[in-house]
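It should be emphasised that the depicted structure is a prediction, and the values quoted were computed from it without experimental measurement. Chain naming here is simple, since letters A, B, ... match the order of the sequence lines and numbering starts at 1 in each. No hydrogens, no waters, no symmetry mates; every other heavy atom, side chains included, goes into these values.
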Amino acid sequence: MKLYNTLNRQKECFQPITEGKVGIYVCGITAYDNCHIGHARSALVFDMVTRYLRWCGFEVRFVKNFTDVDDKIINKANREGTTIFAISQRYIAEHNHDMNSLGVLPPNETPLATEHIDGMIALIESLIAKGIAYAVDGDVYFSVEKFPGYGKLSGRNPEELLAGARVEVGEKKHNPLDFALWKASKENEPWWESPWGRGRPGWHIECSAMGKCLLGECFDIHGGGADLIFPHHENEIAQSEAAYGKMPARYWMHNGFVKISGEKMSKSLDNFITIKDLLKVYHPDVLRFFMLQFHYRSPIDFSLEALAEARSALNRCYRLLEAIDSFLVGRTSLATDTPPLQNEELRSVVASFPEKFREAMDDDFNSAKAFGVIFDFVRLVNSAIANKNFGKSTDAAAILSAARKNLTSVGEALGLFTYSPAEYFQEDTAREIAKLGVSQEEIGHLVNQRQKAREEKNWARADEIRETLAGMKIQIKDTARGTAWFVE
RNA sequence: GGCGGCAUAGCCAAGUGGUAAGGCAGCGGUCUGCAAAACCGUUAUUCACCGGUCCGAAUCCGGUUGCCGCCUCCA
């Protein structure tokens with residue numbers, strides 16, 4: 001398995017520290033507002049990473065933190081006249097609700113920064129003892145010039161950074177590049193007792209402390225959004241490596257951004273769409289499919305049109321599952337027999353499908369390439385079902401149930417196809433109908449009328465109703481077992 | 001200004017040396033009372049542009065243009 005390591009800017013063979021086990025730390029959210037689909041991408045990407053690693057047989061320990069003390073939380077708490085804990089707990093609950101809706105598996109550990117203050121203080125003390133950090137008036141700063149490797153993750157060098165650095169009035173730092181490990185608390189700010197007086201931790205120190213506490217001084221994978229490369233992860237490396245003498249993680253993975261109209265989606269640009277709003281109009285699998293159809297490091301340009309296309313593609317997969325299920329109804333007994341191999345080639349394609357999927361995913365979690373494999377497979381199985389002779393062959397049911405099993409297995413690695421086709425289409429239809437502003441009853445009535453006209457062989461009337469429905473974006477599907485309908 | 005990334009069909013997108021996956025949309029056909037779904041066929045002699053290396057490049061090197069991100073909180 002190869003994965004791209006931001007640290008060395010190249011794909012590297014993945015070699016876990018302990019055979020068969022993987023420790024992953026991903027930077028989670030600062031809990032002060034609802035999550036937007038940029039957060040969703042990061043969550044879905046690393047959910048795919050952990051799911052895929054588990055699918056491959058690794059025992060994964062996945063840690064994702066919450067930043068629950070920070071300027072933005074403090075500001076919001078002061079504005080609302082409440083505590084930072086009330087704010088962070090509220091948005092952690094919202095976050096968890098969103099993640100659950102998206103089908104993101106809960107991490108093994110979800111540490112809060114405020115639960116690890118002692119660890120942070122100990123870490124800061126050891127940095128001071130080593131002469132790498134210094135205290136000034138209750139603040140503590142990390143001295144960048146004392147750490148020779150500074151800039152290795154983001155590819156910057158301290159001189160260049162210094163040239164462009166802003167020096168603010170009243171700075172207590174010795175060097176403009178130095179960053180805060182601990183901040184003396186001001187009025188109306190939460191505080192913890194420390195050797196430097198009452199204060200609160202800087203942003204970067206929390207991940208160094210929590211990563212070390214839950215995964216050890218060096219773990220396998222550290223992940224986050226590409227915007228965290230600098231300064232957050234750069235500073236985290238500086239702190240941890242200076243304190244423990246080793247890189248905190250071997251592989252650094254960063255997901256690309258979600259853009260909207262060509263610009264990065266972010267709080268500051270105020271151009272974000274929340275997960276909650278999006279899930280009102282599209283099924284969570286559609287959002288997941290949309291995100292995973294791109295390689296995780298590429299930027300994505302988000303639009304509702306693009307999401308609609310993702311829905312069309314995903315529907316194709318669920319339709320196949322539906323078709324298999326309907327083929328298999330009443331025929332499963334055949335699967336237990338040992339029938340003659342009438343479809344040897346198809347059987348071998350079905351059997352080798354997971355391996356092809358694995359090949360694509362092993363190349364730096366290339367889910368985009370994996371979808372190519374999936375759709376080739378979908379077409380092949382569909383063509384078998386479409387073939388009348390295939391239905392007569394004694395091994396058809398066995399092959400199709402194997403195909404179904406393999407497709408959902410691969411889906412498990414991506415977090416897709418976890419619903420039954422009936423559930424999926426029901427939820428999809430409910431959303432589409434709501435968008436169209438028509439009721440199920442209205443459609444059902446028209447479908448019944450057409451059904452009557454068809455029974456009377458009044459084709460003109462039947463076609464007229466079908467056209468009316470088509471005008472409403474409702475497609476009719478006549479099958480042996482009656483008429484179904486769905487939204488285009 | 002510094003650092004990094006990207007540029008592939010109508011749209012989206014994979015592809016890091018061996019002759020262009022896949023999805024969406026479109027067109028023709030099969031199936032169907034008609035449709036839909038599904039299937040078959042079709043849609044880039046070509047990968048922003050200009051040079052170079054090589055038997056061979058979308059893929060490597062140099063240059064040009066355009067877009068984006070980071071350098072300040074940000075997934």
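- Comparing the same atom, P, in B:G41 and in B:A21 gives a spacing of 14 Å after rounding to whole Å.
- Atom CG in A:Leu292 sits about 20 Å away from atom P in B:A75, given to the nearest Å.
- Side-chain N/O atoms of A:Asn255 include none lying less than 4.0 angstrom from OP1 or OP2 on B:A75.
- Residue A:Asp301 is out of contact with every strand shown, counting any heavy-atom pair closer than 4.0 Å.
- Using a 4.0 Å heavy-atom cutoff across all strands shown, A:Ala306 reaches no nucleic acid atom at all.
- For A:Glu309, the listed nucleotide lying nearest its side chain is B:C24; candidates were B:C12, B:C24, B:C39.
- The shortest non-hydrogen separation linking A:Met99 to A:Ala43 is SD-CB, 3.4 Å.
- Between the CD atom of A:Gln293 and the P atom of B:C11 there is a distance of 16 Å, given to the nearest Å.
- Between A:Trp252 and A:His254, the ring planes lie parallel to each other; the angle is under 30°, not in the 30° to 60° tilted range.
- No more than 12 heavy atoms of other residues, nucleotides or ligands shown are found within 6.0 angstrom of CD on A:Glu345.
- One P atom belongs to B:U42, the other to B:C54, and the distance between them is 38 Å to the nearest Å.
- When the C1' atom is compared between B:C24 and B:A13, the two are found 11 Å apart, to the nearest whole Å.
- Closest to the side chain of A:Arg9, out of B:A36, B:G4, B:A14, is B:G4.
- In this structure, A:Phe486 reaches the sugar-phosphate backbone alone: every heavy-atom distance under 4.0 Å involves primed, P, OP1 or OP2 atoms, never a base.
- Here B:G22 presents its C1' atom at 12 Å from NZ of A:Lys369, a figure rounded to the nearest Å.
- Comparing the same atom, P, in B:A36 and in B:C67 gives a spacing of 43 Å after rounding to whole Å.
- Among the atoms of the strands shown, base atoms are found under 4.0 Å from some heavy atom of A:Gly38.
- The shortest non-hydrogen separation linking A:Leu269 to A:Lys264 is CD1-O, 3.1 Å.
- In this structure, the nucleotide among B:A75, B:C73, B:U16 sitting nearest to the side chain of A:Lys11 is B:U16.
- The nucleotide whose nearest atom lies closest to any side-chain atom of A:Asn382 is, among B:G33, B:C39, B:C73, B:C39.
- With both ends at atom C1', the span from B:A37 to B:U30 equals 13 Å, rounded to whole Å.
- Residue A:Gly223 is out of contact with every strand shown, counting any heavy-atom pair closer than 4.0 Å.
- Within the 3.5 Å criterion, the main-chain N or O of A:Phe390 finds a donor-acceptor partner in the side chain of A:Ser393.
- The residue A:His36 sits close to a base: some heavy atom pair falls under 4.0 Å.
- No engagement by A:Val26 is indicated, since no non-hydrogen atom pair under 4.0 Å with the nucleic acid exists.
- One atom, CD of A:Glu234, and another, C1' of B:C70, lie 12 Å apart when rounded to the nearest Å.
- With a 6.0 Å radius and a threshold of 12 heavy atoms from other residues, nucleotides or ligands, A:Lys452 has its NZ atom at or below the threshold.
- Out of B:A14, B:A75, B:C39, the shortest distance to the side chain of A:Ser42 is found at B:A75.
- The 5' end of RNA chain B is approached more closely, in terms of each residue's nearest nucleotide, by A:Phe371 than by the other of A:Lys267 and A:Phe371.
- Set against B:A75, B:A35, B:C12, the side chain of A:Phe294 has B:C12 as its closest nucleotide.
- Nearest to the side chain of A:Phe257, among B:A75, B:G23, B:C12, sits B:A75.
- Residue side chain A:Asn157 does not reach the base of B:G2 through any donor-acceptor N/O pair under 3.5 Å, judged by distance alone.
- For A:Arg450, no side-chain nitrogen or oxygen approaches OP1 or OP2 of B:A35 to under 4.0 Å.
- Note: A:Phe365 and A:Tyr296 have perpendicular aromatic rings, judged against thresholds of 30 and 60 degrees for the angle between ring planes.
- Contact annotation for A:Gly262: backbone-only contact, meaning every heavy-atom pair under 4.0 Å involves sugar-phosphate atoms and none involves a base.
- Using a 4.0 Å cutoff on non-hydrogen atoms, no part of residues 420-431 of chain A comes near RNA chain B.
- At least one donor-acceptor pair closer than 3.5 Å links the side chain of A:Arg431 to the backbone N or O of A:Leu279.
- The nearest whole Å value for the distance from the CZ atom in A:Phe230 to the P atom in B:G5 is 17 Å.
- Between B:G33 and A:Arg454, no contact under 4.0 Å exists linking OP1 or OP2 to a side-chain N or O.
- Under 4.0 angstrom from either OP1 or OP2 of B:G15 there lies at least one side-chain N or O belonging to A:Asn366.
- Taking atom C1' on both nucleotides, B:C60 is separated from B:C47 by 16 Å, rounded to a whole Å.
- Regarding contacts with the backbone of B:C70, a side-chain N or O of A:Lys264 is found under 4.0 angstrom from either OP1 or OP2.
- Summary of the strand contacts: A:Gly372 and A:Ala386 both lie near RNA chain B, and taking for each the nucleotide with the nearest heavy atom, the more 5' one is attributed to A:Gly372.
- In this structure, A:Arg288 contributes its side chain and A:His283 its backbone to no donor-acceptor pair below 3.5 Å.
- Side-chain N/O atoms of A:Tyr424 and A:Asn315 include a donor and acceptor closer than 3.5 Å.
- Between the CZ atom of A:Arg379 and the P atom of B:U30 there is a distance of 21 Å, given to the nearest Å.
- Proximity of A:Arg316 to the phosphate of B:A38: a side-chain N or O atom is located under 4.0 Å from OP1 or OP2.
- Screening A:Leu320, A:Val381, A:Asp325 for a side chain to side chain contact (heavy atoms under 4.5 Å, CB included) with A:Leu400, the sole residue that qualifies is A:Val381.
- Comparing B:A21, B:G33, B:C73 against the side chain of A:Lys72 picks out B:C73 as the nearest.
- A:Ile476 comes within contact range of at least one nucleobase, with a heavy-atom separation under 4.0 Å.
- Residue contacts for A:Arg156: at a heavy-atom cut-off of 4.0 Å it reaches a base atom on one of the strands shown.
- Nearest approach of A:Pro201 to A:Ile205, heavy atoms of both residues: CB-CG2, 3.8 Å.
- One interatomic measurement links the two molecules: CZ of A:Arg297 to P of B:G69, which rounds to 19 Å at whole-angstrom precision.
- Using a 3.5 Å distance cut-off with no hydrogens or angles, the side chains of A:Thr483 and A:Gln451 do pair a donor with an acceptor.
- Listed by chain and residue number, A:Asp68 satisfy the side-chain hydrogen bond (donor to acceptor under 3.5 Å, both in side chains) test with A:Thr114 (two or more places apart in sequence, or in another chain).
- Residue contacts shown for A:Ser312 are limited to sugar-phosphate atoms, with no base heavy atom under 4.0 Å away.
- Here B:A36 presents its P atom at 20 Å from CG of A:Leu320, a figure rounded to the nearest Å.
- An OP1 or OP2 oxygen of B:A14 is reached within less than 4.0 angstrom by a side-chain nitrogen or oxygen of A:Ser298.
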Query raised in the report: Which dot-bracket notation, 5' to 3', represents the base pairing of RNA chain B when pairs are defined as Watson-Crick or G-U with both distances under 3.5 Å, crossing pairs as [ ], and inter-strand pairs as |?
Result: ((((((((.[[[..)..(...]]].(((((.......))))).....[[[[[..)....]]]]])))))))....

